[in-house]
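Notes to accompany the following structure.
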Amino acid sequence: MKLIFIRHGDPDYEIDGLTEKGQREAQFLAGYIKNYNIDEIYMSPLGRAQKTAEYSLKALGKEAVTYDWLKEFSAQFDPNLSESARQAYKTELKTDPATGKYETRILWDMLPSYYGAHPELFDKDAWRNAEPVIYSDMCKVYDYVVSSFDEFLRRQGYEKDGLIFKINESNDKVIAFFCHYGITSVLLSYLWNVSPFVPLQFIALAPTSVTIVASEEREKGIGTFRTIGMGDITHLNIAGEEPSFSARFCERYENKNERH
């Protein structure tokens with residue numbers, strides 16, 4: 001079995017859709033999508049993922065099933081609850097003019113100076129007790145996502161058993177998920193048996209990039225999942241389309257044209 005995670009095209013977050021560039025990226029993906037021999041397609045309920053999938057579904061003549069747990073991983077940190085945890089975000093925090101309180105924000109988008117000093121974030125289990133996590137809904141959201149993913153895999157015949165999977169019934173299906181960078185990172189962390197902060201902080205997946213995970217059964221009835229391709233943008237390279245910078249930050253601090 002292969003699991004293919006496809007990030008949506010260059011996003012227009014204000015309308016939860018795609019920019020003109022994102023539409024081109026999605027069209028180029030659709031022109032290449034048949035090469036993956038996809039059997040089943042699932043997608044996020046958010047507009048930018050659904051719009052990206054629309055082109056490929058038409059090219060493949062397939063329909064997709066929408067799952068709520070495939071939407072972007074939106075765990076929120078409340079800066080009002082901890083002064084020390086606020087240091088993970090520093091000047092990036094915003095204040096509500098009406099109340100004077102800090103607005104909640106995406107938890108995992110924290111500054112390197114903070115996570116560099118807090119190795120517990122990258123521990124497989126200790127991340128749950130890291131201070132920013134304590135003052136957020138991350139554990140609740142994470143547990144919902146991975147339990148939903150776990151049930152999905154169980155229906156495919158793969159049942160999590162500690163660090164491996166029991167294979168109750170193997171298959172050769174190719175399953176695609178049209179979703180988002182954050183949720184892909186979380187699902188990869190579950191398959192890799194690592195803290196979700198590892199992929200969230202140390203990989204970047206360009207819009208419409210393709211990440212492929214394959215099952216392995218070296219021992220009868222015992223399964224593992226290994227990532228055989230990450231962030232592939234072959235379809236953009238063929239078309240001569242420069243990948244968008246979304247999900248990345250500036251390579252040099254002086255690069256003011258790149259996101260800081």
Handout entry: Backbone N/O of Ser113 and side chain of His118: donor-acceptor pair under 3.5 Å
Key = no

Practice task
Answer yes or no: is there a donor N or O on one side and an acceptor on the other, between the side chain of Glu25 and the main chain of Leu236, under 3.5 Å?
Solution key: no

Problem - Arg154 atom CZ, neighbour heavy-atom count above 12 within 6.0 Å - result: yes

Exercise for the section: Please find out if less than 6.0 Å separates the ring center of Phe202 from that of Phe122. Expected result: yes

Handout entry: Pairing residues for Arg218 by the side-chain hydrogen bond (donor to acceptor under 3.5 Å, both in side chains) criterion, not counting sequence neighbours
Key = none

Exercise for the section: Spell out, as yes or no, whether a donor-acceptor pair under 3.5 Å connects the side chain of Asp232 to the backbone of Ser209. Expected result: no

Exercise for the section: For Gln201 and Met110, run side-chain contact (heavy atoms from CB on, under 4.5 Å): C-alpha distance rounded to whole Å, both residues' side-chain angles, the deciding distance at 0.1 Å, then the answer. Expected result: CA-CA 9 Å; Gln201 300 301 339; Met110 60 178 62; 3.8 Å; yes

Practice task
For the pair Glu241 and Lys21, find out whether any cationic side-chain nitrogen is under 4.0 Å from an anionic carboxylate oxygen.
Solution key: yes

Problem - Side-chain touch Arg7/Pro207, heavy atoms, less than 4.5 angstrom - result: yes

Handout entry: Aromatic Tyr190 / basic Lys160 pairing, under 6.0 angstrom, 45° off normal
Key = yes

Problem - From Lys2 atom NZ to Ile212 atom CD1, the distance as rounded to the nearest 0.5 Å - result: 8.0 Å

Problem - From Lys71, Glu72, His180, His8, residue fulfilling side chain to side chain donor-acceptor pair (under 3.5 Å) relative to Ser44 - result: His180

Handout entry: Polar side-chain atom of Tyr55 near backbone of Gln23 as donor-acceptor pair, under 3.5 Å
Key = no

Exercise for the section: Could you tell me which non-hydrogen atom of Pro132 sits nearest to which non-hydrogen atom of Leu107, and how far apart they are? Expected result: O-CD1, 3.1 Å

Practice task
Might you point out which heavy atoms bring Ala176 and Ile6 nearest each other, and give the distance in Å?
Solution key: CB-CD1, 4.4 Å

Exercise for the section: Tell me, with the steps shown, if Phe177 and Ile175 meet side-chain contact (heavy atoms from CB on, under 4.5 Å). Expected result: CA-CA 7 Å; Phe177 304 92; Ile175 299 173; 3.8 Å; yes

Practice task
Assess the pair Tyr158 and Phe165: is the distance between their ring centroids shorter than 6.0 Å?
Solution key: no

Exercise for the section: Enter the distance from Arg86:CZ to Glu131:CD here, rounded to the nearest 0.5 Å. Expected result: 10.0 Å

Practice task
State, yes or no, whether a side-chain contact exists between Leu18 and Thr52 at a heavy-atom distance under 4.5 Å.
Solution key: yes

Exercise for the section: Test the Arg105-Phe77 pair against the cation-pi criterion, namely NZ or CZ under 6.0 angstrom from the six-membered ring centroid and within 45° of the ring axis. Expected result: no

Practice task
Say whether Leu121 and Ile203 are linked into one hydrophobic cluster, either directly or through other cluster members, by side-chain heavy-atom distances under 4.5 angstrom.
Solution key: yes

Practice task
Answer yes or no: is there a side-chain heavy-atom contact under 4.5 Å between Val213 and Leu191?
Solution key: yes

Exercise for the section: Return yes when atom NZ of Lys256 has more than 12 non-hydrogen atoms of other residues, nucleotides or ligands closer than 6.0 Å, and no otherwise. Expected result: yes

Practice task
Determine yes or no for a side-chain-to-main-chain donor-acceptor pair under 3.5 angstrom, with Ser147 supplying the side chain and Tyr144 the backbone.
Solution key: yes

Fill in the blank from the handout: Nearest heavy-atom approach of Ala59 to Ala30 is CB-O, 3.5 Å

Exercise for the section: Report yes if the side chains of Glu217 and Ser170 come closer than 4.5 Å at any heavy-atom pair, otherwise no. Expected result: yes

Problem - Rounded distance (nearest 0.5 Å) linking atom OG of Ser148 with atom CG of Asp68 - result: 8.0 Å

Practice task
Would you kindly confirm whether Ile238 and Phe28 end up in one hydrophobic cluster when ILVMFWY residues are joined by side chain heavy atoms under 4.5 Å apart?
Solution key: no

Fill in the blank from the handout: To the nearest 0.5 Å, atom CG of Asn171 lies from atom OG of Ser215 at 7.0 Å

Handout entry: Charged N-O contact under 4.0 Å between Arg128 and Asp143
Key = yes

Problem - Any donor-acceptor N/O pair, Asp12 side chain to Thr19 backbone, under 3.5 Å - result: no

Handout entry: ILVMFWY network linking Leu3 to Val145, side-chain heavy atoms under 4.5 angstrom
Key = yes

Problem - Pair Asp10, Ser246: side-chain N/O donor-acceptor within cut-off below 3.5 Å - result: no

Exercise for the section: State which residues pass side-chain contact (heavy atoms from CB on, under 4.5 Å) with Asp39; sequence neighbours excluded, sorted by chain then number. Expected result: Lys173, Val174

Handout entry: Single-linkage hydrophobic cluster Leu93~Val133, side-chain heavy atoms < 4.5 angstrom
Key = yes

Exercise for the section: Please report the shortest heavy-atom distance between Thr208 and Ala26, naming the atom on each side. Expected result: CG2-N, 3.9 Å

Exercise for the section: Would you name the heavy atoms of Cys250 and Glu258 that are closest together and state the gap between them? Expected result: CA-OE1, 3.3 Å

Exercise for the section: Please check if atom CG in Asn35 has more than 12 non-hydrogen atoms from other residues, nucleotides or ligands closer than 6.0 Å. Expected result: yes

Exercise for the section: Find out whether Phe5 and Ser185 are in side-chain contact, i.e. whether some heavy atom of one side chain is under 4.5 Å from a heavy atom of the other. Expected result: no

Exercise for the section: Taking the side chain as every heavy atom from C-beta outward, state whether Met230 and Leu205 have any pair of such atoms under 4.5 Å apart. Expected result: yes

Practice task
Start with the C-alpha distance between Ile164 and Glu219, add both sets of side-chain angles, then the distance that settles side-chain contact (heavy atoms from CB on, under 4.5 Å), and finish with yes or no.
Solution key: CA-CA 11 Å; Ile164 59 174; Glu219 300 173 90; over 6 Å; no

Practice task
Would you please indicate if the ring centroids of Tyr32 and Tyr36 are separated by under 6.0 Å?
Solution key: yes

Exercise for the section: Give a yes or no on whether the ring-centroid distance for Tyr42 and Phe152 is below 6.0 angstrom. Expected result: yes

Handout entry: Glu83 atom CD, neighbour heavy-atom count above 12 within 6.0 Å
Key = no

Practice task
With the side chain counted from C-beta on, respond yes when Asn257 and Asn255 share a heavy-atom pair under 4.5 Å apart, and no when they do not.
Solution key: yes

Practice task
Apply ring-ring contact (aromatic ring centres under 6.0 Å, His included) to the pair Tyr142 and Trp108, showing each step before the final yes or no.
Solution key: CA-CA 12 Å; Tyr142 177 88; Trp108 49 267; over 10 Å; no

Handout entry: Distance-only donor-acceptor check, side chains Thr104 and Gln76, under 3.5 Å
Key = yes

Exercise for the section: Give a yes or no on whether the backbone of Gly157 and the side-chain of Glu159 come within a donor-acceptor separation of less than 3.5 Å. Expected result: no

Exercise for the section: Kindly say whether the aromatic ring centers of His260 and Tyr253 come within a distance under 6.0 Å. Expected result: yes

Handout entry: Spatial distance of atom CG (Asp150) from atom CG (Leu187) [nearest 0.5 Å]
Key = 11.0 Å

Exercise for the section: Measure across Gly162 and Asn193 and return the closest heavy-atom pair with its distance rounded to 0.1 Å. Expected result: O-OD1, 4.0 Å

Exercise for the section: Mind running side-chain contact (heavy atoms from CB on, under 4.5 Å) on Ile33 and Ile38 for me, showing each step along the way? Expected result: CA-CA 8 Å; Ile33 196 76; Ile38 295 169; 3.9 Å; yes

Handout entry: Path from Phe197 to Tyr135 over hydrophobic side-chain contacts below 4.5 Å
Key = yes

Problem - Donor-acceptor contact present, side-chain Asn80 to main-chain Lys101, <3.5 Å - result: no

Exercise for the section: For the residue pair Glu103 and Thr95, confirm or rule out a side-chain donor-acceptor distance under 3.5 Å. Expected result: no

Practice task
For residues Phe178 and Gln50, determine if any side-chain heavy atom of one lies less than 4.5 Å from a side-chain heavy atom of the other.
Solution key: no

Exercise for the section: Say whether, by atom type as modelled, one donor and one acceptor occur between the side chain of Thr211 and the main chain of Gly231 under 3.5 angstrom. Expected result: yes

